[in-house]
Trainee: 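Before I ask anything, here is the structure I am working with.
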Amino acid sequence: MNQSLLVEEKTYSTPAQWDLFEKIQEHEQVLFCNDPATGLKAIIAIHDTTLGPGLGGTRMREYETVDDALEDALKLSKGMTYKNAAADINFGGAKGVIIGDPAKDKTPELFRAYGQFIESLNGRFYTGTDMGTTLEDFVHASMETGCIAGLPKEYNGGGETSIPTALGVLYSIKAVARLLWEDENVSGKSFSIQGLGKVGFKVAEHLLHEGANLYVTDIDAGLVNQIVELGEKKGHHVTAVTGDDIYQVDADVFVPCAVGGTVNPKTIEQLKVKAIAGAANNQLSDDSCAALLKEKGILYAPDYMVNSGGVIQVSDELYGPNQQRVLQKTKTIYHTLLDVLHQAQSDNVTTTDAANLICENRIEGRKNRNSFFSPKKRPKWQVRF
Ligand SMILES: NC(=O)C1=CN([C@@H]2O[C@H](COP(=O)(O)OP(=O)(O)OC[C@H]3O[C@@H](n4cnc5c(N)ncnc54)[C@H](O)[C@@H]3O)[C@@H](O)[C@H]2O)C=CC1
Ligand SMILES: O=C(O)CCC(=O)C(=O)O
């Protein structure tokens, strides 16, 4: 072996050089998007496209480090693979994160630049709203790419995904109630809701309509006040709670609807609830939390099943927007989730393990069926060619 090859071997086998590839080893592709002209800094992670093109929303958030942003994109996109498999739709898992403050850093040009990067993936990534992004942002992105889902109705899209997502959370809560109390009626039961944004606010409205009592928190005091006032009008108790106190309230069900990771060993110790069912993606800080919850007797409804109303709508757009049909499909979450909760009980495993197994079997099964070549692997709403 000549000297230069020896040097190369030595250089490239240093473990630190491979850290990044180790981090993304479960993923098919990760795209770092950098556009100095608009200030766009984004990461698109495509986890698995066995079931179809990668599909997942794009989040905008002020991350402290690029590593934090990458970790979020990797975890969220993997979650989408499971979510899409659980919802039995023909899409794989992917997600985008834009690094920046949604209140200060958004411009139409930034989203157009993001659209150009999406377009460069040539149909491998479809996206729409998530935390910190709105339908309007994606109207700008859609000027550059056809791979945008969930545009406003005026643009012939399905509109706000938080509507089916919130309905799916309500039906999941009903499934949990059926398992806990043999009755899906939640009137008089109490719920602690963390986050009153696009989804959490609607979940709170649904629960008030059902006659439930609420504890609510959000870093935006205006949203908290609105729900407190609504509760007063409806004659139900809505108690505003500050920050981390939400983990200690004496509610029946914790409903995380803000950021991920809020169910962790520290908060599990504080939680007094009987169950957790909410919209936030990646609620558990790590896999071991599922076992901790099981030990403590807290029933955990896997997040990616509870919050699949959004992808159900987005994938349904293949047939043209139809909210009635989407809401009907969203209600099926009740039975899918209840089956998983029963399965976990009868197998004495965590609810996460029971749900993951169903998804992994579905993906494995599809791998076998995808064994022959077909050029028609694009969803039919892809109209650019
Ligand atoms: N929008 C959708 O259709 C879907 C959303 N999700 C997930 O649901 C969660 C909420 O999504 P959206 O409502 O769309 O986002 P959003 O950005 O509209 O709302 C998030 C809310 O959480 C609040 N918040 C942030 N950190 C908080 C904290 N530490 N404590 C209390 N409140 C806090 C924010 O002030 C905001 O009001 C996210 O995790 C998202 O990924 C999942 C599936 C679909
Ligand atoms: O809005 C979308 O494009 C898909 C929904 C999504 O990202 C999610 O369920 O987390």
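For ligands, and for the atoms within them, numbers begin at 1 and follow the listed sequence. Just so it is clear, the structure is predicted and the values come from calculations on it, not from any experiment.
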Trainee: Return yes when Lys83 approaches ligand 1 closer than 4.0 angstrom through a heavy atom, no otherwise.
Mentor: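 Yes, that is the case, since the closest heavy atom of the residue is under 4.0 Å from the ligand.
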Trainee: For a quick check under 3.5 Å, do Thr58 and Thr127 share a side-chain donor-acceptor pair by atom type?
Mentor: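 Thr127 and Thr58 do have a side-chain donor-acceptor pair below 3.5 Å.
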Trainee: Give me the pairs of N or O atoms, one from ligand 2 and one from the protein, that sit under 3.5 Å apart.
Mentor:
| from | atom 1 | to | atom 2 | distance (Å) |
| --- | --- | --- | --- | --- |
| ligand 2 | 1 (O) | Thr129 | O | 3.2 |
| ligand 2 | 3 (O) | Gly128 | N | 3.4 |
| ligand 2 | 7 (O) | Gly57 | N | 2.5 |
| ligand 2 | 7 (O) | Lys95 | NZ | 2.8 |
| ligand 2 | 9 (O) | Lys83 | NZ | 2.6 |
| ligand 2 | 10 (O) | Lys83 | NZ | 3.0 |
| ligand 2 | 10 (O) | Lys95 | NZ | 2.6 |
| ligand 2 | 10 (O) | Asn281 | ND2 | 3.1 |

Trainee: As an exercise, identify every atom of ligand 1 less than 4.0 angstrom from a heavy atom of Ala280.
Mentor: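 Once the distances to Ala280 are compared, the set is 8 (O), 9 (C), 39 (O).
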Trainee: Touching ligand 1 at all, Gly260? Heavy atoms, strictly under 4.0 Å?
Mentor: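 Flag not set, Gly260 not near ligand 1.
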Trainee: Salt-bridged, Asp72 to Lys95, with N to O below 4.0 Å?
Mentor: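 No, this pair does not count.
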Trainee: Could you tell me whether Tyr215 and Phe191 have their ring centroids closer than 6.0 angstrom?
Mentor: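 No - the distance between ring centres of Tyr215 and Phe191 does not fall below the 6.0 Å cut-off.
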Trainee: Using the test side chain to side chain contact (heavy atoms under 4.5 Å, CB included), find all partners of Lys104 that sit at least two apart in sequence or belong to another chain.
Mentor: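 Result, side chain to side chain contact (heavy atoms under 4.5 Å, CB included) vs Lys104: Asp101.
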Trainee: Has Thr129 got any heavy atom lying under 4.0 angstrom from an atom of ligand 1?
Mentor: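 It does not; every heavy atom stays at 4.0 Å or beyond.
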Trainee: Start with the C-alpha gap between Cys257 and Val255, add the side-chain angles, then the distance that decides, and say whether side chain to side chain contact (heavy atoms under 4.5 Å, CB included) holds.
Mentor: CA-CA 6 Å; Cys257 293; Val255 188; 3.8 Å; yes
Trainee: Does CD in Glu28 sit with more than 12 non-hydrogen atoms of other residues, nucleotides or ligands closer than 6.0 Å?
Mentor: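 For Glu28, atom CD is crowded (more than 12 foreign heavy atoms under 6.0 Å).
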Trainee: To the nearest 0.5 Å, what is the distance between OG1 on Thr330 and CD1 on Ile312?
Mentor: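 Going from OG1 on Thr330 over to CD1 on Ile312, the span is 5.0 Å.
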